[in-house]
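Just below is one structure, and these are the notes that go with it.
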Amino acid sequence: MSSLILRTATRYLVPLLLLFSIYLLLAGHNYPGGGFVGGLAAAAGLALYALAFDVRSARTMLRLTPTGVSALGLMLAALSGLPGILRGSSFLTGKWMVAYLPGFDPIKIGTPVLFDLGVYLVVLGVTMSIIFALAEEES
Amino acid sequence: MKMLFSNVLLALIWSAMTGAFTLPNLAAGFVFGYVALLILKPLLGESAYYSKFPRTISFLAYFLKEVVVSSLRVAWDVITPTHYNRPGIVAIPLEARTDLEVTLVANLISLTPGTLSLDVAPDRRTLYIHAMFAENPDAIRREIKEGLERRLLELLR
Amino acid sequence: MNETISSVAQAMMGVLCVAMLIALYRVVKGPSLPDRVISIDLLTTLAVGVIALYSIETGQKIFLSAGIALALLAFLGTVALALYIRRGGPP
Amino acid sequence: MMTVLTMLALAGFFAPRLYRAWGARTAGRLALAPALAFAYFASRLSAIRGGETIRASFEWIPVLGFEFSLQMDGLGLLFALLIAGIGAFVVWYAGAYLKEDPAAPRFIAALLLFMTSMLGVVLADNVIALFVFWELTSFTSYLLIGHHHEEEKSRKAALQALLVTGLGGLFLLAGLLLLGQAAGSYNLSGILAADSLSSHPLFNPALALLLVGAFTKSAQFPFHFWLPNAMAAPTPASAYLHSSTMVKAGVYLLARLHPACADSAIWQAVVPAIGAATLVIGATMAYGQTILKRLLAYTTVAALGGMTMLLGLGQTLAIKAAVVFLLAHALYKAALFLVAGIIDHETGEKDVLKLGGLRRALPFTALGAGLAALSMMGLPPFFGFLAKETLYSAAQQPTLLAASVIGGVFFLVVACLTGLKPFFGAERDTPRHPHEAPIAMWIGPLAMGLLSLSFGVFAPWVGPTLIAPAASAIAGEPLTAKLALWHGWNRELQWSLATLALGLVAFASLRALRPIMPAFARLRAWGPERGYEAALNGLVAAAGAQTRLLQNGSLRYYLLATLLFVLATGGWFFWRLVEWPAPGAGTPVRLIDAVILSLILLSTVGAIFSRSRMAAFASLGVAGYAIAIFFVLYGAPDLAMTQLVIETLTVILLVLAFYHLPPLHPRTPVRGRVFDLVPSVLVGSLMAALTLAANRANLAPSISSYFSANSWTNAYGKNIVNVILVDFRALDTLGEISVLLIAGLGAIALLKLRAPGKGGGGAP
Amino acid sequence: MKDAVTMFLMVSGSVFMLLAAVGVLRMPDLYTRMHAATKVGTIGVIGVMLAVAVHFAELGIVTRSILIILFFLITAPVAAHMIGRSAYFSRTPMWKGTVVNEWPTPPSEQGQGPDPDGEVPKV
Amino acid sequence: MNLLAAPIVIPLLLATLALLGMRSHRWQQALAVGGAALLVLVSFRLLFRVREEGALALQVGNWPAPFGITLAADLLGAIMVVLSSVTGLAIALYSVGARETARERFGYYPLVLLLLMGVNGAFLTGDVFNLYVCFEVMLMASFVLLALGGEKPQIEGGVKYVALNFFSSALFLAAAGLLYGAVGTLNMADLAVKIPAAEDGGLLTAIGLLFLAAFGIKAAIFPLFFWLPASYHTPPPAVSALFAGLLTKVGVYALIRFFTMLFPLEASFTQPLMMWLAALTMITGVLGAAAQHEFRRVLSFHIVSQIGYMIMGLALFTPLALAGSIFYIMHHIIVKTNLFLVSGVVHYLRGTGELKELGGFYRARPWLAILFLVPAMSLAGLPPLSGFFAKLALVVAGLREAAWALVASALAVSLLTLYSMTKIWGEVFWKADPTPNAEAAMEPARYRMLVWPIVLLAAVTVAIGFSAGPMFALAVDAAGQLANPSAYIRAVLGTAP
Amino acid sequence: MELLMAIVIGFLYAAGVFLMQRRNMVKFLVGLALLSHGANLLIFTAGGFTRGSPPIIPEDADVAPILHADPLPQALILTAIVISFAVLAFALILFLRAYQTTGTDDLHDLRSTDT
Ligand code: NA
Ligand code: NA
């Protein structure tokens, strides 16, 4: 039986963790962070959710199956290497687009960012699949 | 909530006007914004926001004082060689009802002197706390109900 | 003045180190599992302190991210351990 | 030549399929293949007689200097004629013999393939090609001997033949390769032509190896035991293996190498001695046998000994004798074996003592048998007589002559027993009522019997046509061979008469000697076959002991072995050769460093000594967090964060898993733990020392400055570590997330997929 | 002035943390140790994080410091609660000087006794 | 040059596709078979290009050589990729016939594809640390494939497999780190240039010996092979076959690559050490097999034994011997995979691999018997099958180097191999069936599906034997590139060494 | 510092290896984790120490300051950490299953597949 206090705190903490994980993912190219830590932090959030509530609701939060999330991530990471090939360069060559928004510094979006997103998803999905499977284990 | 949003917006506009998104500037913008909203009170109609703002400030002040004091007391007990404490577990009847109320009460009790929330009874009517000085459980109950819980519930309801 | 701050920060890190060793003693000694858990929890709190002081000492603010991560995650570990103590066996 | 070989091989490969189309008549038709081959070889007689050699070759493994080459000279031709000629009869015979056997197609196939390989052996010029065919004869004969494979005896005999000849094959391979290396050519023609080969340091080892190879194949003492056991094969196979093929391969090899090797001391010392010993042993072993095929088998051993002995003598006369003997033996032995098969087939009786008077029921068989037996007895005008005469004339030394005479006597006895006794005397009751066999079966013995007779009669033609070219090839120089039935009243003839007299006496006294036969049988039990059995059993036992010792199932021991390996190689080397770096100044140590590091050390100690798993685990967590702080201190915030998150997640995983695991119990006794401590500490020290050494080595400037120079300007990221992860070395990361994904799949599969009977798993 | 504040906050925060550790070491039982760890530790972190905020005086740093403080204010009591109730249910022994216990004996949902070694027997 | 990335990316992408369509068996099977077939095409194309143009390199991410990761293929690498693809195709086809439905639901095909990705990556990478990562991909996939199914023997074998291979990875990782610390680079070509130039007083050799231990475990040499016989006979036959053919050879490949290009063997210590290891590996492995009475256990121990032959070629360290090793690997991957596939058919038909309980297969299924004989006799070195030429080359090389004892061990071991193979032949095929009518019903279609890959591999074995000349020439060229890696270095670094 | 680190690394290796030789699964896992820590610190140390200067290019610069920590070992360690985590997690679950299927957590008893 879980704790009311934990559940309530979790409701407020999980969004924080997810937000933090997205920050880590996006800031990772320039500041400490990146897909790994980001994905792991998101996974930690969902894990907290699974601990405080139950696995079923945590699964619902994730929507896709954990395996699906990680497969998607891996595919994304691999696909992010293809634009390089299509543009006549090597596999995994970074290709960048610069978006100019008035009032902001130019935003650079490149395949390495997609790659990092793939990493994020894989880490999230895998960690979740392991934790969910273990938590659902009956003895 | 709408009022809080307006206040934050005003703070941002202030920062934009002054051209510096620094923390002091934002804080100043927030205060000025509150003053502006206060001025506009007749126009906007009655809102709990006007009273909640100062109450929140005063609650935070109270709470911070309690935290510091509590820490000092425990610290004192830690550095002095003898244990002055007479610990015990006390049951506190709860007025708080919603999840958030219960949780906040429990957490704040944990952060204030000499008391530590251990658990909420399954019926949510009783909070079991561990107290450092539990010679007089009734006094503890009264102190919490009159002080922390009342102030908090006023703020929340 | 910055050097003074650096050296004070360094000295305070020393203080926190002493605190860490004390907490570690409790981790090892126990005696109960919850004792270990709160000691580890305290250790992580101390570690956040060390990171903060270190970023003051070196002027590298980017270490703070590690502090945030630690603060958020240590809680998770503690909760997991607490649930373990609580259940004490197969759920 | 290549075409002939290919044709025979194809005939073999497609035999089973043809059987399906043609049924029982297939073997008769397939016998045309060797008959054609025979015709081809016969057509080359005159050319070879004229001193030509026929060559065919193609590139094979040019980088190794191997070409696939065949070459036919007189020796090869003689063998080829025997192999193809007898082979044709044997195939035809086998079709009838195995009429009822559903596995007959396989047998015929194996027989034809065996024939191909045997032809390959005698025609190969390249030593590797020779070896290839040599091994193929071993293998195909394995299939032939094991034809009745559902009987354990057959399987054992087949395995024995394979292992013994296989062992010899390996010696042969090593010998041939060394010889080729010494001669600078892997072709026999090149080897035989090489100058001063015998003074090369590799020559003697090579020769020794080759002799072992030849002796095993030709069932020379002490490897002779496999041959009588190979009787487990169906009779056509035995007839073929024993008369003209397989066992003759060893003799062929000796003959082939003769020009290059006969001068060496080893050859002269070993070959005649082993040959004589085999002759005597084979002959005595035959004594006391009453089973038809066994009798013949032991005389085969003896005959092979005789040929080996002759080749070892090295004189011209002996060489000629060997060739004559070889030819004679092939003919009568094939005939007698086939006859033994007919008798067995028709009467169901294998014991000669229980046979008699079959000449009325099996007239053609009896005729063939009689002719062959007379040749084997060495009576004029049969070819066997010439063989015996030349043998006696070559055996000038008294001991060799004695051995030859003993052999001759026993041959005579066996010939009487196997070729005459079953057909004469009173008719005996047998399990089956005998009828004459089909022509497919009796035609072979009859033809070979007649050939034995006519070769004797036409000896003056046989000498220069068949014997001289072969003998020339063996001698390595042109020889002539004048063969005639009548040489005058000379020493040889006198010994022949003596042999005849002794043989008849021996035959007559067989009955009287029967009580001592079991003693002979007991003697056999102490022969080298016992050594073979002991070696095989010992090997299997040793293998079992070794495996139980090494593969003992204890993970702890496996790890220990691994650690010791690391220590014995890297550790030992490092200790010996690496200069210990002088303790340099290095990076100064601060208090915080010291505290964090001691935190790591202390928590590690805690992990080792904790008696509860949660305590062990708590210590582990502390170590992880301390390492994270260390990473912060030394400028690795990314690492620190990752370490923290991972450590936390590990906590959660362990907690979740520990619901299901039992508490800790110390299991290894204290002494064992102390014992484990030693290699552990040594490995730790090694790693520590290596770390220090590598840290101070700095043998070349690091590549890392490139990353800081290009991270922002070319990869648009300021966090260099992250840029390395997602761009500079993104391939690493791609692999790494694959590892993660796989681990996730594994976790799900392990936890949800249950072995049958334990509740099925749900979809993931 | 700013530096003086920074130093004051650093020193007081650190000293509080040290005291928390000493408390965890010296207090007689788990529950009293938790008082030290939770409250004193938190105030220590708040002190140090405020020092960071003052020292760097940048928006990003200040918000992050406040974020960390906020995290601690939410998580520390919850963690204490989780450990406390778990400890109580697993019957972690209380100090002999404990004067009162108004919490009914823990429901014997697990049927376990206190476990001084921290090792929970396998069910 | 992106062709070099294809053997890695194709299985990776297909694996993710298969995972996303995890519910459909057909989809997964189609992806696995199609992907493997595609890999065969790609790998042959790669081999032909390397044969024509010499060593090829791809600077992944377009970062110049010692800084980014370089994929590089010389002949050895290309040959290995071809072999892994062919094996992969056979396994994929066989798996379709095996119908391990429960396993298919838990990602069997994606795992096979990922395993191939790791294996190909290991063969193609030109970076030490990337090699570590590829090894991990391969190992992790093999861990899971081994344990997939959760039967008791699998789990028990898996524990040892995981434990010892993890230790190997830890050694590898440490060695890679030390190498970077000492030499400051991870690129193999760069290392091949810098290591000979460095005066290190033996440190690099010591690091090399750590690599030897790490790869030695993966390659299952003496005395590091224990995990192999403990685990290889436990998973489903297709998985066993895949492991048996490919995995240890990746370790051997790494040994060859490292101890020719980076740490060339030295007569003072490493070469004699390697010779001892080769001989002991051969002998202990074959004796282990002689003591076994279970189909796949016999085969498993023989893997160890034959690893010894491959190490022998390395230890002799002449171009001819290296060529022998390479040829041996080519032969062995195909043959060993096939033998395991045959054992699998037997297992599916009878539900056991105990030799005692089997029999009668020669009479009942003559084609299967012949399909066993081809690889079995090839393994035993019977001419003119592939194994003979492999053995021959090594023996010739050994005799030329006057390594008498090693040659003698090699020959003796081949006789014992023959013994083991005939033991299986005698027990499973020749012996009368001790339990007639015990055969599980199997639809002919499924049986054919199981047998076709066996036919394919047997044909390859025969083809290698009959084209031994050109095949061996290929191996000689590959060995030549190892002995003189300047073309490889030029392809990677863009400059002459 | 280097010497001290070498001692710590050696200690972690020794402890890891020692624990991996225990018969208990849990001890083995702890040993596995310690060994990973040892390997990570080893790479870090082999790459050299730079205090307090992370490999992050300052906001106002295009290249990192001259003196900064070597980013490559960090990236390698990061990869290694994640891989060890995957292996550890898998090993943990494998051991759990081994315990469930065999009924023992004694690694010494899991020998039915060897001989
Ligand atoms: Na990486
Ligand atoms: Na890239």
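Per chain, numbering begins at 1; letters A, B, ... match sequence-line order.
The side-chain contact (heavy atoms from CB on, under 4.5 Å) with Asp638(D) is formed by just one residue from the set Leu725(D), Asn719(D), Ile724(D); it is Asn719(D).
If you tally non-hydrogen atom pairs under 4.5 Å between each of Ala636(D), Gly544(D), Ser711(D) and chain G, the highest count goes to Ala636(D). Across Ser702(D), Ala607(D), Ser598(D), Ala697(D), the residue that shares the most heavy-atom pairs under 4.5 angstrom with chain G is Ala607(D). Among Ala688(D), Gly684(D), Gly744(D), Ser680(D), the residue making the largest number of heavy-atom pairs under 4.5 Å with chain G is Ser680(D). Counting heavy-atom pairs closer than 4.5 Å to chain G, the top residue among Leu750(D), Thr691(D), Leu555(D), Val739(D) is Leu750(D). Note on Val87(G), Asp70(G), Ile9(G): by heavy-atom pairs under 4.5 Å with chain D, the leading option is Asp70(G). Looking only at heavy-atom pairs under 4.5 Å with chain G, the residue among Leu560(D), Val632(D), Ile608(D), Leu649(D) that has the most is Ile608(D). Looking only at heavy-atom pairs under 4.5 Å with chain G, the residue among Val589(D), Leu690(D), Asp676(D) that has the most is Asp676(D).
For Pro65(G), no part lies near chain D; criterion is any non-hydrogen pair under 4.5 Å. Of the two parts of Ala64(G), the backbone and the side chain both hold a non-hydrogen atom closer than 4.5 Å to a non-hydrogen atom of chain D. For chain D, the nearby parts of Leu72(G) are the backbone and the side chain; heavy atoms of each come within less than 4.5 Å.
Contacts between residues 617-626 of chain D and chain G, defined by a heavy-atom separation under 4.5 Å, are made by Leu620(D), Gly624(D).
Figure legend: Arg22(G) and Phe18(G) shown as a cation-pi pair, the cationic atom lying under 6.0 angstrom from the six-membered ring centre and within 45 degrees of its axis.
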List the atom pairs, donor and acceptor, that lie under 3.5 Å between side-chain atoms in residues 30-48 of chain G and the rest of the protein, sequence neighbours left out.
unit_1   : atom_1 : unit_2   : atom_2 : d
Ser36(G) : OG     : Leu32(G) : O      : 3.1
Asn40(G) : ND2    : Ser36(G) : O      : 3.3
Thr45(G) : OG1    : Leu41(G) : O      : 2.7

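Checked against the 6.0 Å centroid threshold, Phe95(G) and Tyr99(G) do not count as a close aromatic pair.
Proximity of a side-chain donor or acceptor of Thr50(G) to a complementary backbone N or O of Ser53(G) within less than 3.5 Å is not detected.
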